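Since this is a predicted model, take the numbers as computed values, not measurements.
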Amino acid sequence: MGTMVTRYRIEDEVGRVLTNEYFFSYEVDDALQFSCEDEALEEAAAFPRTTVERFERYSTFPDFFLSEAVSVERSAA
């Protein structure tokens, strides 16, 4: 059984989203997702003229934090 979860993504001024590879793309499905707005705002500060957008998506794992997985990958690099 799943549920709707609130997530945040970073968008630039033309509507492209920040991806896991840290480039901007029109492919919304590839967007880097954050479970916490504060984390998204902190990350967006590194990219001028971007905004943090809130959206909801269906998830079978409502407590899974995608941004934590990205943080672990980034610290390992």
S.K.: Taking the side chain as every heavy atom from C-beta outward, state whether R54 and T6 have any pair of such atoms under 4.5 Å apart.
M.R.: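 Yes, at least one pair of side-chain atoms sits under 4.5 Å.
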S.K.: What is the distance from atom CD of E37 to atom CZ of R7, rounded to the nearest 0.5 Å?
M.R.: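 E37 atom CD to R7 atom CZ measures 13.5 Å (nearest 0.5 Å).
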S.K.: Compare every heavy atom of E27 with every heavy atom of S25, then report the nearest pair and how far apart it is.
M.R.: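 Minimum heavy-atom contact is OG-N, 3.0 Å.
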S.K.: Which atoms form the tightest heavy-atom contact between V52 and A44, and what is the distance?
M.R.: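 Scanning both residues, the minimum pair turns out to be CG2-CB, 3.9 Å.
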S.K.: Given side chains that start at C-beta, do those of F34 and E42 come closer than 4.5 Å, heavy atoms only?
M.R.: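 No - every pair of side-chain heavy atoms lies 4.5 Å or more apart.
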S.K.: Distance from D30 atom CG to L18 atom CG, nearest 0.5 Å?
M.R.: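 Reported to 0.5 Å precision, the distance equals 11.0 Å.
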S.K.: Taking all atoms of both residues into account, what is the closest heavy-atom pair of Y8 and S35, and its distance?
M.R.: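 Scanning both residues, the minimum pair turns out to be CE1-O, 3.9 Å.
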S.K.: Return the minimal non-hydrogen interatomic distance between E13 and R49, and the atom names on each side.
M.R.: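 Of all heavy-atom pairs spanning E13 and R49, the closest is OE1-O, 3.2 Å.
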S.K.: Is there a side-chain contact between V28 and R9, using heavy atoms and a 4.5 Å cut-off?
M.R.: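 Yes - at least one pair of side-chain heavy atoms lies under 4.5 Å apart.
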S.K.: With rounding to the nearest 0.5 Å, note down the distance linking CD in Q33 to OG1 in T19.
M.R.: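 These two atoms lie 12.0 Å from each other.
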S.K.: Donor-acceptor pair, T50 side chain versus I10 backbone, under 3.5 Å?
M.R.: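 A pair under 3.5 Å: no.
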S.K.: Measuring from atom CZ of R16 to atom CD of E11, what distance do you get when rounded to the nearest 0.5 angstrom?
M.R.: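 Rounded to the nearest 0.5 Å, the CZ-CD separation comes out at 11.0 Å.
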S.K.: Look at the aromatic rings of F47 and F24 and report parallel, tilted or perpendicular, splitting at 30° and 60°.
M.R.: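 If you compare the ring of F47 with that of F24, the planes turn out perpendicular.
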